[in-house]
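For reference, the structure is listed below as structure tokens.
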Amino acid sequence: MMDGNETKSNTVPVVDFGPFLDGKGEDKQRVAKEIDNAFKTVGFVCLVNYGIKQEEVDKCFEWSRRFFDLPMESKMLAPHPPTAAHHRGYSGVGLEKASHSDFDEKPHEELRQTPDVKESYEIGNEEDEMQPNIWIPEEVLPGFRDFMNAFFGSCTSLTGSILHSLALALSLEPTRLSAAQSRALYQLRLLHYPSVPASLLRSGAATRIGAHADFGTLTLLFQDGVGGLEIERREGPDGARTGEFVGVPAVPGGVLVNVGDLMERWSNGRWKSTVHRVGLPPTAGGEGGDEVVRDRYSIPFFSTADPETVIECLPGCSSEEDPPKYEPVTAWGYINMRMQALYS
Ligand SMILES: O=C(O)CCC(=O)C(=O)O
Ligand SMILES: [Fe+2]
């Protein structure tokens with residue numbers, strides 16, 4: 001449950017999603033308000049009882065481990081294409097560099113000097129003809145593809161339920177937001193951050209994932225217990241930015257959900273897309289030690305609106321004092337512009 005104190009100290013509010021999935025009208029309304037509040041002030045919420053069994057999440061982490069444990073030549077049977085436009089398959093350490101939400105070439109070039117020590121595997125909707133999946137051959141990891149497709153379905157369904165709750169918070173038709181994401185052109189990402197000397201992360205010579213905001217509407221983020229995720233602290237009822245980062249420890253049985261830039265835009269800034277990064281876990285030893293930080297796995301699931309959707313201020317998100325701040329843009333035009341910045 002969220003309360004005022006938690007918001008002030010800016011830990012990510014923990015919300016029990018069970019009553020939204022199974023409860024009556026007033027339960028749904030209460031949960032919707034809690035999520036609305038978390039997105040207004042922090043930009044992140046941690047859901048428990050969210051309808052995907054922990055067993056299924058654990059299995060996904062196991063498959064991820066098995067995938068990344070494969071020899072390089074096997075992983076390279078499903079290589080990420082050299083272009084940003086087709087974002088599927090395996091990327092080795094140092095290939096992708098997260099960037100902040102500006103598109104200025106110069107700072108981005110400088111940012112690229114600091115490598116992200118991570119490898120990733122991107123999976124999309126099997127129906128997505130624009131970006132077909134790039135699987136490793138079935139015999140290399142039998143069952144992997146079926147499992148990932150099923151997990152993709154579970155995450156899609158959870159995303160739909162969260163969108164229903166957000167529509168409720170705005171007093172809109174329950175399907176007002178989910179209908180704009182009906183094609184589920186989403187992205188499931190397996191991430192592995194190999195172990196790395198703590199000194200490199202501490203000095204900034206390397207990062208795990210640099211500070212960035214997500215592009216889409218909502219991201220689900222499953223973390224293991226290693227730690228190191230940090231989000232920019234926001235304060236006050238309008239979630240003002242502070243430029244300071246705070247750690248977000250994993251909550252057992254919880255999934256993080258965060259707002260992306262497209263959703264911030266759609267909601268006219270009501271829901272905040274908060275900058276986050278992964279660095280040195282708080283448990284890493286003291287200054288100057290030569291210890292190695294153990295490897296870390298995480299599983300983000302990125303959702304976005306259907307490409308042709310025009311993203312313009314949602315009903316209930318503007319007023320006379322707070323008129324629409326952004327030009328209408330199609331989801332496709334917006335995401336494309338952001339993807340170019342990643343691999344350029
Ligand atoms: O690994 C994490 O916990 C965060 C990953 C992330 O922010 C991303 O892939 O966009
Ligand atoms: Fe992210």
Side-chain angles (χ1 to χ4, degrees), residues 54 56-81 84 87-99 112 114-124 133-137 140-145 147-152 155 186-202 205-212 214 219-230 247-250 252 255-256 258 276-284 291-302 342-343:
Q54 189 57 38
E56 193 181 342
V57 176
D58 293 344
K59 273 207 185 114
C60 196
F61 277 100
E62 269 162 45
W63 277 115
S64 175
R65 221 163 274 133
R66 289 173 65 190
F67 174 83
F68 289 116
D69 276 350
L70 291 170
M72 187 54 82
E73 61 267 27
S74 300
K75 291 185 277 196
M76 286 309 288
L77 294 171
H80 189 295
H87 198 38
R88 298 290 179 260
Y90 173 74
S91 306
V93 172
L95 273 186
E96 187 193 270
K97 179 72 213 175
S99 81
R112 284 188 72 96
T114 313
D116 275 355
V117 185
K118 67 170 171 21
E119 49 180 348
S120 59
Y121 183 71
E122 319 288 341
I123 300 160
N133 275 321
I134 300 176
W135 298 105
I136 46 167
V140 174
L141 209 52
F144 176 76
R145 178 175 182 165
F147 179 87
M148 288 303 157
N149 282 333
F151 194 70
F152 193 99
C155 292
Y186 299 163
Q187 183 196 328
L188 171 62
R189 164 179 243 202
L190 307 180
L191 270 174
H192 174 224
Y193 303 89
S195 57
V196 61
S199 57
L200 287 188
L201 294 177
R202 195 176 284 124
T207 52
R208 283 197 145 167
I209 190 165
H212 69 282
D214 295 344
T219 304
L220 310 178
L221 178 57
F222 303 91
Q223 297 193 69
D224 67 10
V226 173
L229 176 70
E230 297 177 344
V248 180
V255 62
L256 287 172
N258 65 284
H276 52 284
R277 66 186 186 195
V278 178
L280 193 67
T283 48
E291 82 278 25
V292 165
V293 177
R294 65 182 248 236
D295 63 346
R296 175 178 188 274
Y297 294 83
S298 69
I299 306 169
F301 180 79
F302 303 100
L342 266 189
Y343 280 81

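The first residue of the sequence shown is numbered 1, and numbering continues consecutively from there. Side chains included, hydrogens not; waters and symmetry mates left out as well; all remaining heavy atoms used. It should be emphasised that the depicted structure is a prediction, and the values quoted were computed from it without experimental measurement.
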Where [X] and [Y] come nearest, the two heavy atoms and their spacing:
X    : Y    : result
G247 : P249 : O-CD, 3.6 Å
C60  : I299 : SG-CD1, 3.7 Å
P282 : G228 : CD-N, 4.0 Å
S120 : L191 : CB-CD2, 3.7 Å

With [X] via ring pair (Phe, Tyr, Trp, His ring centres under 6.0 Å) - residues at least two apart:
X    : answer
F144 : F67, Y121
F302 : none
Y193 : none

**Item:** Set of side-chain hydrogen bond (donor to acceptor under 3.5 Å, both in side chains) partners for E119, sequence neighbours left out
**Value:**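 For E119, the residues satisfying side-chain hydrogen bond (donor to acceptor under 3.5 Å, both in side chains) (neighbours in sequence not counted) are K75, Y90, H192.
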
Distance in Å, [X] [atom1] paired with [Y] [atom2], rounded so as to fall on 0.5 Å steps:
X    : Y    : atom1 : atom2 : value
L280 : E230 : CG    : CD    : 8.5 Å
I123 : L188 : CD1   : CG    : 4.5 Å
I209 : L229 : CD1   : CG    : 9.5 Å
D224 : R294 : CG    : CZ    : 6.5 Å
S74  : M76  : OG    : CE    : 11.5 Å
L220 : N258 : CG    : CG    : 8.5 Å

**Asked** R208 and K118: side chain to side chain contact (heavy atoms under 4.5 Å, CB included), yes or no, with the steps?
**Response** CA-CA 6 Å; R208 283 197 145 167; K118 67 170 171 21; 6.0 Å; no

**Message:** If you apply the rule salt bridge (Lys or Arg N to Asp or Glu O under 4.0 Å), what do you find for R202 with E291, and how did you get there?
**Reply:** CA-CA 11 Å; R202 195 176 284 124; E291 82 278 25; 3.4 Å; yes

**Request:** Using the side chain to side chain contact (heavy atoms under 4.5 Å, CB included) rule, take R277 and T207 through it: C-alpha gap first, then chi angles, then the decisive distance, then the call.
**Result:** CA-CA 9 Å; R277 66 186 186 195; T207 52; over 6 Å; no

**Request:** For S195 and D295, run side chain to side chain donor-acceptor pair (under 3.5 Å): C-alpha distance rounded to whole Å, both residues' side-chain angles, the deciding distance at 0.1 Å, then the answer.
**Result:** CA-CA 4 Å; S195 57; D295 63 346; over 6 Å; no

**Message:** Show me the pairs that pass side-chain hydrogen bond (donor to acceptor under 3.5 Å, both in side chains) and involve residues 60-70, at least two apart or across chains.
**Reply:**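 Applying side-chain hydrogen bond (donor to acceptor under 3.5 Å, both in side chains) to every pair that reaches into residues 60-70, excluding sequence neighbours, yields nothing.
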
Side chains of [X] and [Y], heavy atoms from C-beta outward: is any pair under 4.5 Å?
X    : Y    : value
L221 : V255 : no
N149 : W135 : yes
L256 : Q223 : yes

**Request:** Using the side chain to side chain contact (heavy atoms under 4.5 Å, CB included) rule, take L190 and M148 through it: C-alpha gap first, then chi angles, then the decisive distance, then the call.
**Result:** CA-CA 10 Å; L190 307 180; M148 288 303 157; 3.9 Å; yes

**Request:** Let me see the working for I136 and L70 under side chain to side chain contact (heavy atoms under 4.5 Å, CB included), right down to the final yes or no.
**Result:** CA-CA 11 Å; I136 46 167; L70 291 170; 3.8 Å; yes

**Request:** List for me each residue that meets salt bridge (Lys or Arg N to Asp or Glu O under 4.0 Å) alongside R88, sequence neighbours excluded, and say none if there are none.
**Result:**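 R88 satisfies salt bridge (Lys or Arg N to Asp or Glu O under 4.0 Å) with D128 once adjacent residues are dropped.
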
**Item:** Parallel, tilted or perpendicular: rings of Y186 and F301 (30°, 60°)
**Value:**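 Geometry flag for Y186 against F301: perpendicular rings.
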
